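Here the structure is laid out as structure tokens; the discussion comes afterwards.
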Amino acid sequence: SLDLTCRRTPCFAKFSEMEEMVNMEAEINEVQPLLLSVTIGSSLQFNFIGKKCEILQDMNRHLEAILKEKRDLRKRLIKHRCQESLPIEATYHKCIVELLTEAVTFIEKLESHLQSVRSIPQIPHMISNMDTTLSKTEVLVIELEELTEQILKWEELQKEVYSN
């Protein structure tokens, strides 16, 4: 009851206001270092994040330069060999190797193929030559048969002569 009466009197009213102000200042003093540490921590954290960001940007620039050099090098290597590059899946590499082998074989035999194609217009003349040669060969075969018959007759005559 004394506490209740004390607070209603005007002299203690100022005292209670002062007590509230002291309590508030104490709370502010307690919160202020925390707020300051949070502010410092966040500013340090932002500074640290800023440095990390700069490092990452430097790394990114470095990697972009490497990729650009790699692309340029690949372009030069590919253009030097075949002037164009078509990406080929790994599953088709074996087929491409076989195809290249056949292409090399075809190129090696290309001259003989071209000679065959060039000789196509001469085929009728070649056929007539072959016909002539065939008829001559037939004549020679007939002559050879006649000669063979004569040799066999002569051999029989020789056997008769020796036997007599």
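This is a predicted model, so every value here is computed, not measured.
- For the atom pair CG (L67) and CD (E69), the distance works out to 9.5 Å, reported to the nearest 0.5 Å.
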Legend entry - Pair E146-I142, side-chain contact (heavy atoms from CB on, under 4.5 Å): steps then yes or no: CA-CA 6 Å; E146 288 176 357; I142 291 172; 3.9 Å; yes

Inset, instruction - Evaluate the side-chain contact (heavy atoms from CB on, under 4.5 Å) criterion for residues H113 and S116: first the C-alpha distance (whole Å), next the side-chain angles of each, then the deciding distance (0.1 Å), finally the verdict. - result: CA-CA 5 Å; H113 293 309; S116 299; 5.6 Å; no

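- We find the SG-CG distance between C53 and D58 to be 10.0 Å, quoted to the nearest 0.5 Å.
- Between R118 and E111 there is a salt bridge, since at least one side-chain N of the basic residue sits less than 4.0 Å from a carboxylate O of the acidic one.
- In this structure, E160 CD and Q158 CD are separated by 10.0 Å, a value rounded to the nearest 0.5 Å.
- Residue P124 comes nearest to I120 through the heavy atom pair CD-O, 4.2 Å, listed as atom of the first residue, atom of the second, then distance.
- Expressed to the nearest 0.5 Å, how far NZ of K68 lies from CG of D72 amounts to 6.5 Å.
- Taken to the nearest 0.5 Å, the NZ atom of K136 stands 12.0 Å off from the CG atom of L134.
- Once rounded to the nearest 0.5 Å, the distance linking CG of L144 with CG of L140 reads 8.5 Å.
- Contact record, T132 with S135: O-OG, 2.7 Å, taken as the closest heavy-atom pair.
- At a threshold of 4.5 Å between non-hydrogen side-chain atoms, the residues L147 and E143 do not count as touching.
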